[in-house]
Amino acid sequence: MRHGFSAPARPPRLALRFAVYAALTLAFAAAGFLWYAHRYATTEAERAVRFHATFVANTILRRALQPSDFQQPLAGSRLRTLDTLFRDEVLVGGAVRVKLYAADGRITYSNVHDLIGNNPAASDAEDALARGHVQDVTDLNHEGGPGPDFKVLETYVPVTLGGTTPVGVFELYQDYRPVAAATSTAFLPIAGGLAVALLALYAALFPILRRVTRRLRDHVEEIEHQALHDHLTGLPNRVLFRDRVEQAVLLAGRERRGFAVLLLDLDRFKEINDTLGHESGDRVLEQVAARLRAAMRESDTVARLGGDEFAVLAHHVAGPEEALAAAERVRAALAEPVTVAEILLDVDASVGVAVGPEQGGDVETLIRHADIAMYVAKELRTGAEIFSPDHDHFSPERLQLVAELRRAIAAEELVCHYQPQAAARSGELRGVEALVRWPHPSHGLLGPDQFIPLAERTGLIRALTRQVLRQAIKQCRAWHEQGIELAVSVNITGRDLLDLKLPDEVAELLSEAGLAPSFLELEITENTILADPVRARTILTRLSDLGVRLAIDDFGSGNSSLAYLKRLPVDVLKIDKAFVLNMQSDQDDAVIVSSTIALSHNLGLAVVAEGVETGAAWETLARLGCDVVQGYYLGRPVPAELLELKPEAAVPRAASF
Ligand code: C2E
Ligand code: MG
Ligand code: MG
């Protein structure tokens, strides 16, 4: 579903985070509890020892000691008495050492005699005097004790003998190990129980949380899906499509892989919507979506951009041919009508294609180009178009003109004007050239230069040529019926020469009208023949076989040699009017005209000179042996009914022999 799409940030891995945070919190809570419990036990132990020390000081010591015991030095007998006193009554039940301090902090007695006379803890003793007692857990190392593991609790309490003023300080060292041991024995099970309880809680919460996160994630994905897909068809929407195209652009840059962006717009969808209602319109869109999806590869993206606009991103497209093949696949998928409410509906589509990355290195350009191509395909009714720089010429105005031309051809609104051609020597009217005109409702009478190139580029030329042929042949036949035996020339283009059906159609039109083929002359420009000589030759041969005369139009404007053209089945050569027009003033043009006439005659071709505007030009041409003349001097192209059928009147005197 997310092929190539850079998804927005996933919902955070809540379960994992919870696991870590919960474990840390539980560990902190357990440690805190243990610390507190330990602290509580220690405080209780200290209180007990302090109570014991205070009790000893206030009972045993108050009774047995004298003020002199806190003054230096003690006599040996007194020392022994105190030893006995302390050993028997105080140094029991874990009390390991005692000291008596004078008010100045000097030790006056200790069961460790070496310490007597030292003054190591003046501040502790002074503090004890000031605050009542001082306690500290330490080891006895500094006083030559048994080792660092042997922890003791030091308690200093002031000693008052009868009065209220302390005479000194009594220090009791209580073995701390039993206290520590008791604390851990008491609290280890509590700690263990606590840990188990917390783990159980954690284990119970975890699956719940996992379920919640999964649901949350599904929900987020659903919202994300909705944001990126079309709700009607389920196809990716414009946002996702653009993203995929962006990925394709990046991939193409890295892996040199071509792709194609196809935009398609359903023809006549609005009609369906308007006549059958939106419900039916929706059903059509759903079916179109399904067909497109089925027609494309799994890895391709089929999207609905909105309305009746769809898009396809086709991967692995090597060039225009493959892109066009993809477009044809799309069109083929829609060839069969869709069924809505038991009605069969045709839903043809116009497809515009941009080939990436050649026709656009970014999403914007690719989509714009495909869009232009689609617009052109729709307007020209060609079905599918690959973007070409040519399309840029198709401004909306031009496309409008194409639409109007199509309509004008269908309505047979184009008209032929006819320009006379006369024998150069006698001035006798020989034939006419049919020149098409388009009476445009708002632009007036348009000349062929204004719409023939457009017709050629849009495929309308075939219909146009057929119409001109039909009109010209019919008109020619009409003249014949009036007893005027004229030939008619019709211009055909390169596109017409690609149409293998042309010879048959010409034959049909001739037989329909009942006109002998020899009265029809087809004019092909020199350049058209040169564009595809092989194909031109095939069609020209078939036309010639019909008995139709063939003329090379605008000769001299290209680069072909006469000898080459003679190999084609042509009968007539029309010298380009540019030479004829300049012949009087330009020596080179005069030479070209005269040598063309001579050469053509050598090759057995008749010569027509176009652009004869003056009597002098006619005279010259007649003198050079030109067969037929055509130009404003004889007459401009005019509608059939206005054609002057007796142009002999215009023959310059010098020309008629
Ligand atoms: P073309 O076949 O060479 O036609 C001769 C053009 O020269 C005509 O222009 C004609 O009006 C013009 N002309 C004739 N005598 C003179 C003259 O004495 N002086 C000057 N300056 N011009 C003269 P038009 O009718 O504008 O046609 C232009 C071109 O359009 C034609 O050139 C022909 O190639 C093309 N065309 C005309 N009708 C058709 C048609 O039905 N089908 C096709 N495919 N092309 C056509
Ligand atoms: Mg012509
Ligand atoms: Mg010409």
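Predicted model, so just to flag it, every value in this text is computed and none were measured. Ligands are counted one by one from 1 in listed order, and the atoms in each one are counted from 1 as well.
For the pair Tyr632 and ligand 1, the shortest N or O to N or O distance falls below 3.5 Å.
Each of Val628, Leu634, Val629, Leu429 was checked for a side chain to side chain contact (heavy atoms under 4.5 Å, CB included) with Gln421, and the lone residue meeting it is Val628. Among Glu523, Glu526, Glu521, the one residue that satisfies the salt bridge (Lys or Arg N to Asp or Glu O under 4.0 Å) test with Lys574 is Glu523.
Checked for salt-bridge contact, Arg462 and Asp496 miss the test: no charged N lies under 4.0 Å from a carboxylate O. A salt bridge links Glu364 with Arg242: the closest approach of a Lys/Arg side-chain nitrogen to an acidic carboxylate oxygen falls below 4.0 angstrom. Salt-bridge check for Glu512 with Lys474: failed, with every basic side-chain N at 4.0 Å or more from each acidic carboxylate O. Ion pairing of Arg542 with Asp545 is absent here, as no side-chain N (NZ or NE/NH1/NH2) approaches a carboxylate O to less than 4.0 Å.
For atom 31 (C) of ligand 1, the closest heavy atom belonging to the protein is Leu435 CD2, 4.1 Å. Protein heavy atom at the shortest distance from atom 1 (P) of ligand 1 is Asp553 OD2, 3.7 Å. In terms of protein heavy-atom proximity, atom 6 (C) of ligand 1 is closest to Lys577 NZ, 3.4 Å. Remark: minimum distance from atom 35 (C) of ligand 1 to any protein heavy atom is reached at Pro448 CB, 4.1 Å. In terms of protein heavy-atom proximity, atom 11 (O) of ligand 1 is nearest to Pro637 CG, 3.4 Å.
The OE1 atom of Glu610 and the OD1 atom of Asp554 meet at the Mg ion (ligand 3) at an angle of about 100°, given to 10°.
With distances taken over non-hydrogen atoms, the option nearest atom 25 (O) of ligand 1 out of Arg437, Gln471, Gln630 is Arg437. Closest to atom 40 (C) of ligand 1 by heavy atom, among Asp496, Leu414, Val436, is Val436. Closest heavy-atom approach to atom 42 (N) of ligand 1 among the candidates Asn491, Asp449, Asp576: Asn491. The closest non-hydrogen atom to atom 15 (N) of ligand 1, taken over Glu610, Gln450, Gln419, comes from Gln419.
Look at Glu523 and the Mg ion (ligand 3): no N/O/S atom of the residue is under 2.8 Å from the metal. Not one N, O or S atom of Asp576 sits under 2.8 Å from the Mg ion (ligand 3).
Using a 4.0 Å cut-off between heavy atoms, Thr465 makes no contact with ligand 1 at all.
At a cut-off of 3.5 Å, with distance as the only test, no side-chain donor of Gln584 or Asp589 sits close to an acceptor on the other residue. Thr525 and Asp554 form no side-chain donor-acceptor contact under 3.5 Å, judged by distance and modelled atom types alone.
The Glu613 neighbourhood of ligand 1 comprises atoms 17 (C), 18 (O), 19 (N), 20 (C), 21 (N), with distances under 4.0 Å to a heavy atom of that residue. Below 4.0 Å from some heavy atom of Thr493 lie the following atoms of ligand 1, by number and element: 44 (N).
Ring centroid separation for the pair Trp479 and Phe519 does not come in under the 6.0 Å cut-off.
Of the possible polar contacts, none joining the Glu610 side chain to the Gly631 backbone as a donor-acceptor pair under 3.5 Å is found. Distance alone, capped at 3.5 Å, places no donor-acceptor pair between the Gln450 side chain and the Leu446 backbone.
Counting just the N/O/S atoms of Asp553, the one with the shortest distance to the Mg ion (ligand 2) is named OD2. Within Glu433, OE2 is the N, O or S atom that lies nearest to the Mg ion (ligand 2).
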